[in-house]
Amino acid sequence: MYYPLSTINMIILSYSILFLLFTTFLSLQPIYFAEAQNSTNAQNNTHQIYIPTTISKEAQEELRKIASNPFNFKSPGPADMNGWKKLYQEHESMDLFHSQSIKDLYQPNITETKLGGVNVLDIKPKNWHDSGKVLVYTHGGAYTLLSANSSLSSSILAADATSLRVISIDYTVAPFSKWNQTTDQIISVIQALKDQQGYSLDDIAIYGDSAGGGLATGSVLKMRDGGMGMPAAVVLWSPWTDVTQNGDTYFTLKDADPLLTNNQLLKNSADAYANPIDQKNPYVSPVYGNFSKGFPPTLIQGGTKEILVSDFVRLYQGLDQANVPVKLDIYEGMPHVFQYILIKTPESDISLSKMNNFLREYLDY
């Protein structure tokens with residue numbers, strides 16, 4: 001049978017490609033086999049997360065479940081109001097679903113109310129007894145996402161672990177509020193706890209996670225500088241304390257962090273929250289603050305997988321060098337806000353226990 005030259009060339013090319021694919025497949029088999037046999041290099045099935053054997057087996061299993069690049073979505077521009085509104089609504093519905101499962105598990109008493117003209121959730125853990133103390137919470141979400149309702153996964157855990165009443169502030173997210181207005185909202189709630197509910201600052205602690213950690217720290221600095229005084233203690237989970245993203249680990253750990261993989265989202269969120277000219281203001285990026293004027297005892301908790309490790313270290317050094325009582329509590333192999341991302345793991349339980357002990361010491365309850 002006669003075949004045109006073009007057909008013969010096509011057949012040769014096709015077989016060449018098949019042969020190349022087959023030999024490539026064979027050459028990769030030892031790699032796949034080694035990974036399957038070596039638990040030290042166990043990988044998430046969806047993207048490359050290194051899972052060390054130096055963490056608990058429970059945490060290893062939870063890390064394997066983390067979805068591929070969960071925050072790797074297109075970010076609106078800093079001033080794109082409609083874009084941020086749409087993104088906020090899309091993620092709010094997903095996070096509300098997860099928060100509901102935490103509510104069902106812990107069964108707290110939650111009341112929606114206002115303090116200082118700001119919407120808040122008043123969260124009391126199951127079987128709560130009034131100690132006369134209160135914990136104020138500023139949620140994360142890169143300043144542009146989440147709410148008091150969709151961040152209940154964090155606030156309910158904190159309330160349960162500490163037995164404290166938690167006031168979760170439903171502050172206005174960026175770009176619909178800039179840093180100056182947002183920090184004022186936090187301060188208004190604390191002022192209302194004093195003026196309307198009779199708490200002294202010695203009865204109040206504040207905690208925040210991720211961007212909420214930066215917001216809590218910046219708000220306390222603003223309170224201090226405004227002559228209002230400061231809460232009795234500060235607890236920070238994975239705090240984002242330099243929105244300029246200049247720390248060393250933003251670069252050295254950028255391929256290790258399984259959650260904060262989208263630097264463009266962080267950059268646009270930072271610009272939506274504060275104009276670049278304001279981003280080294282200590283109320284925006286507290287690592288640039290002067291702590292020699294005083295600051296409450298502070299607990300900073302985070303994990304070694306986070307691009308924010310430099311933020312934790314730099315804040316710790318600033319506080320420590322100013323002789324502020326501060327503890328840097330870092331956990332092997334843990335991702336961003338692991339306390340509720342890896343809920344019920346030994347690492348999460350230990351972290352929550354240390355938070356409880358710290359607050360009991362400085363709130364004296």
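In this text, all values refer to a predicted model and were calculated from it rather than measured experimentally.
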Subject >> Check against side-chain hydrogen bond (donor to acceptor under 3.5 Å, both in side chains), D242 and T244 >> reply: CA-CA 5 Å; D242 184 3; T244 70; 2.6 Å; yes
[X] with [Y], same ILVMFWY side-chain cluster at under 4.5 Å:
{"X": "V337", "Y": "L96", "value": "no"}
{"X": "M94", "Y": "L265", "value": "no"}
{"X": "M355", "Y": "W128", "value": "no"}
{"X": "L105", "Y": "I341", "value": "yes"}

Any donor-acceptor pair under 3.5 Å linking the side chain of [X] with the backbone of [Y]?
{"X": "S101", "Y": "H98", "value": "yes"}
{"X": "D80", "Y": "G83", "value": "yes"}
{"X": "D311", "Y": "T241", "value": "yes"}
{"X": "S188", "Y": "D184", "value": "yes"}
{"X": "R224", "Y": "G294", "value": "yes"}
{"X": "S285", "Y": "V287", "value": "no"}

Determine the minimum heavy-atom distance between [X] and [Y], stating which atoms define it.
{"X": "K254", "Y": "I307", "result": "CA-CG2, 3.8 Å"}
{"X": "A148", "Y": "D170", "result": "N-OD1, 3.0 Å"}
{"X": "T252", "Y": "T249", "result": "OG1-CA, 3.2 Å"}
{"X": "I123", "Y": "S168", "result": "CD1-CB, 4.0 Å"}
{"X": "F176", "Y": "M81", "result": "CZ-O, 3.5 Å"}
{"X": "S269", "Y": "W84", "result": "OG-CH2, 3.4 Å"}

**OP:** Show your reasoning for whether ring-ring contact (aromatic ring centres under 6.0 Å, His included) applies to F358 and Y362.
**Re:** CA-CA 6 Å; F358 180 85; Y362 289 104; 4.9 Å; yes
To the nearest 0.5 Å, tell me how far [X] [atom1] sits from [Y] [atom2].
{"X": "S210", "Y": "L236", "atom1": "OG", "atom2": "CG", "value": "11.0 Å"}
{"X": "N281", "Y": "N275", "atom1": "CG", "atom2": "CG", "value": "11.5 Å"}
{"X": "Y199", "Y": "L193", "atom1": "OH", "atom2": "CG", "value": "7.0 Å"}
{"X": "T144", "Y": "K85", "atom1": "OG1", "atom2": "NZ", "value": "15.5 Å"}
{"X": "L152", "Y": "L157", "atom1": "CG", "atom2": "CG", "value": "10.5 Å"}
{"X": "I167", "Y": "I186", "atom1": "CD1", "atom2": "CD1", "value": "12.5 Å"}

**OP:** Answer with yes or no after comparing the ring centroid distance for W179 and Y143 against a 6.0 Å cut-off, counting only values under it.
**Re:**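 Ring-ring flag for W179/Y143: false, centres at least 6.0 Å apart.
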Is a side-chain donor-acceptor pair under 3.5 Å present for [Y] with [X]?
{"X": "S200", "Y": "D202", "answer": "no"}
{"X": "S351", "Y": "S348", "answer": "no"}
{"X": "S154", "Y": "D209", "answer": "yes"}
{"X": "S292", "Y": "N290", "answer": "yes"}
{"X": "N357", "Y": "E361", "answer": "no"}
{"X": "Q60", "Y": "T53", "answer": "no"}
{"X": "T183", "Y": "K222", "answer": "yes"}
{"X": "S238", "Y": "E306", "answer": "yes"}
{"X": "Q279", "Y": "D271", "answer": "yes"}
{"X": "Y250", "Y": "N263", "answer": "no"}
{"X": "Q181", "Y": "T172", "answer": "no"}

Does the side chain of [X] reach to within under 4.5 Å of the side chain of [Y], using non-hydrogen atoms?
{"X": "K178", "Y": "Y273", "answer": "no"}
{"X": "L63", "Y": "Y50", "answer": "no"}
{"X": "T345", "Y": "E62", "answer": "yes"}
{"X": "L201", "Y": "I190", "answer": "yes"}
{"X": "S177", "Y": "Y171", "answer": "no"}
{"X": "Y207", "Y": "V136", "answer": "no"}
{"X": "V309", "Y": "L253", "answer": "yes"}
{"X": "T298", "Y": "P325", "answer": "no"}

Subject >> salt bridge (Lys or Arg N to Asp or Glu O under 4.0 Å) assessment of K354 paired with D329 >> reply: CA-CA 9 Å; K354 288 185 179 181; D329 190 29; 3.0 Å; yes
Subject >> K194 and I204: CA distance, side-chain angles, deciding distance, side chain to side chain contact (heavy atoms under 4.5 Å, CB included) verdict >> reply: CA-CA 9 Å; K194 291 178 58 186; I204 301 172; 4.3 Å; yes
**OP:** Give the C-alpha distance, both sets of side-chain angles, the deciding distance and a yes or no for side chain to side chain contact (heavy atoms under 4.5 Å, CB included) between I49 and K305.
**Re:** CA-CA 10 Å; I49 299 172; K305 281 192 178 298; 4.3 Å; yes
Original post:
Passes side chain to side chain contact (heavy atoms under 4.5 Å, CB included), I206 versus Y137? Steps please.
Top reply: CA-CA 6 Å; I206 188 169; Y137 170 55; over 6 Å; no
Original post:
Relative to each other, are the rings of W237 and Y340 parallel, tilted or perpendicular (30° and 60° limits)?
Top reply: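 Taking Y340 first and then W237, their aromatic rings sit tilted (interplane angle of 30° to 60°).
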**OP:** Give me the ring orientation class for F291 and F295: parallel if the planes are under 30° apart, tilted from 30 to 60°, perpendicular past 60°.
**Re:**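 Aromatic pair F291/F295 classed perpendicular.
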May I have the list of side-chain donor-acceptor pairs in residues 107-118 shorter than 3.5 Å, sequence neighbours left out?
from: Q107; atom 1: OE1; to: K126; atom 2: NZ; distance (Å): 3.0
from: K114; atom 1: NZ; to: N119; atom 2: OD1; distance (Å): 2.9

Original post:
Would K344 and D349 pass as an ion pair if we require N to O under 4.0 Å?
Top reply: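 Between D349 and K344 there is no salt bridge, as every charged N stays at least 4.0 Å from the carboxylate O atoms.
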**OP:** Answer yes or no: is there an ion pair linking K133 with D203, defined by an N-O contact shorter than 4.0 Å?
**Re:**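 Looking at K133 and D203, the cut-off is met.
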**OP:** Take S75 and N268, measure what side-chain hydrogen bond (donor to acceptor under 3.5 Å, both in side chains) needs, and give me the verdict at the end.
**Re:** CA-CA 7 Å; S75 170; N268 287 354; 3.2 Å; yes
**OP:** Go through the steps for Y283 and N180 under the test side-chain hydrogen bond (donor to acceptor under 3.5 Å, both in side chains), then give the verdict.
**Re:** CA-CA 8 Å; Y283 306 154; N180 211 9; over 6 Å; no
**OP:** Kindly check if the number of other-residue, nucleotide or ligand heavy atoms within 6.0 Å of CG (D104) is above 12?
**Re:**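 Correct, the count exceeds 12.
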